[in-house]
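Structure first, commentary second.
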Amino acid sequence: EGRLVESGGGWVRPGSSRTLSCTASGLTFDDYAIGWFRQAPGKEREGVSCISGSGGKYYVGSVKGRFSISRDNARNTVYLQMSNLKLDDTAVYYCAAYWPGFDRMDKCFSHDYDYWGQGTQVTVSS
């Protein structure tokens, strides 16, 4: 059974940076695409970014140029580097995994993922 654990959340000031990590266990990591989603209070969960097993990447428009996704398959970990954080980036951030995802990204921003983490809170506030 696959398991995902997010870490790195916390309180940050507007304009600052933060890196989130998503570490997987119990699955053949390279075969899975990993997505980052977020859910702000009173809003629906939205896709932020995703990365295929082979390294293809997508970003939602609101984070392009500010967020960067990467993966270290040797460590079963995906990172979301967030910079120039804005108040609107405040949310619970979740990572998720779907298979097959080595070179497929068609489900990137769907919610049809096989495994979900529990989430990590990011609060952007002055």
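For clarity, every value in this text was computed on a predicted model and none was experimentally measured.
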Can you list the steps and then say if Phe67 with Ser49 is a side chain to side chain contact (heavy atoms under 4.5 Å, CB included)? CA-CA 8 Å; Phe67 289 15; Ser49 181; 5.8 Å; no
Could you walk me through whether Trp36 and Ile51 satisfy the side chain to side chain contact (heavy atoms under 4.5 Å, CB included) test, starting with their C-alpha distance in whole Å, then the side-chain angles of each, then the deciding distance to 0.1 Å, before giving a yes or no? CA-CA 9 Å; Trp36 282 100; Ile51 186 167; over 6 Å; no
Please walk me through it: do Arg38 and Val63 pass side chain to side chain contact (heavy atoms under 4.5 Å, CB included)? CA-CA 12 Å; Arg38 66 185 179 186; Val63 307; 4.1 Å; yes
Let me see the working for Met82 and Val12 under side chain to side chain contact (heavy atoms under 4.5 Å, CB included), right down to the final yes or no. CA-CA 11 Å; Met82 307 182 293; Val12 295; over 6 Å; no
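To the nearest 0.5 Å, atoms OG (Ser54) and CZ (Arg104) are separated by 12.5 Å. Considering CZ of Arg18 and OG1 of Thr120, their distance stands at 8.0 Å, rounded to 0.5 Å. Annotation: the span from Ser52 atom OG to Asp30 atom CG amounts to 10.5 Å, rounded to 0.5 Å. With rounding to the nearest 0.5 Å, the separation of CH2 in Trp11 from OG1 in Thr123 is 10.0 Å. Of the inter-residue distances, the one linking Ser21 atom OG with Arg71 atom CZ reads 13.5 Å to the nearest 0.5 angstrom. Ser70 OG to Gln81 CD: the interatomic distance, rounded to the nearest 0.5 Å, is 5.5 Å.
Using a 30° and 60° split on the angle between ring planes, Phe37 and Trp116 fall in the tilted class, from 30° to 60°.
Without hydrogens or angle criteria, Gln118 side chain to Val5 main chain gives no donor-acceptor distance under 3.5 Å. For the pair Tyr58 (side chain) and Val48 (backbone), a donor-acceptor distance under 3.5 Å is absent.
In the hydrophobic clustering of this structure, Val60 does not group with Tyr79; members are Ile, Leu, Val, Met, Phe, Trp, Tyr whose side-chain heavy atoms approach within less than 4.5 Å, directly or through other members. The hydrophobic cluster containing Ile69 also contains Leu20, counting ILVMFWY residues as joined when their side-chain heavy atoms lie under 4.5 angstrom apart, directly or transitively. Following chains of ILVMFWY side-chain contacts shorter than 4.5 Å, one cannot reach Tyr98 starting from Phe102, and the two form parts of different hydrophobic clusters.
The side chain to side chain contact (heavy atoms under 4.5 Å, CB included) test applied to Lys64 returns Tyr59, not counting sequence neighbours.
The residues Lys86 and Asp88 are annotated as not salt-bridged, no charged nitrogen and carboxylate oxygen being separated by less than 4.0 angstrom.
Inter-residue side-chain proximity for Phe29 and Val78 is flagged as met; some heavy-atom pair is nearer than 4.5 Å. Taking the side chain as every heavy atom from C-beta outward, Pro14 and Leu87 approach each other to under 4.5 Å. Looking only at side-chain heavy atoms (C-beta outward), Gln39 and Tyr94 come within less than 4.5 Å of each other.
When all heavy atoms of Tyr115 and Leu27 are compared, the pair lying nearest together is CD1-CD2, 3.8 Å. Residues Ala40 and Ala91 come closest through the heavy atom pair N-CB, 3.8 Å. Here the closest non-hydrogen pair linking Ala97 and Leu4 is N-CD1, 3.6 Å. Considering all non-hydrogen atoms of both residues, Arg13 and Ser126 come closest at NH1-O, 3.2 Å. In terms of heavy atoms, Gln121 sits closest to Val92 at OE1-CG2, 3.2 Å. Between Asp89 and Arg66 the shortest heavy-atom distance is OD2-NH1, 2.7 Å.
Around atom CZ of Phe109, more than 12 heavy atoms belonging to other residues, nucleotides or ligands sit under 6.0 Å away.
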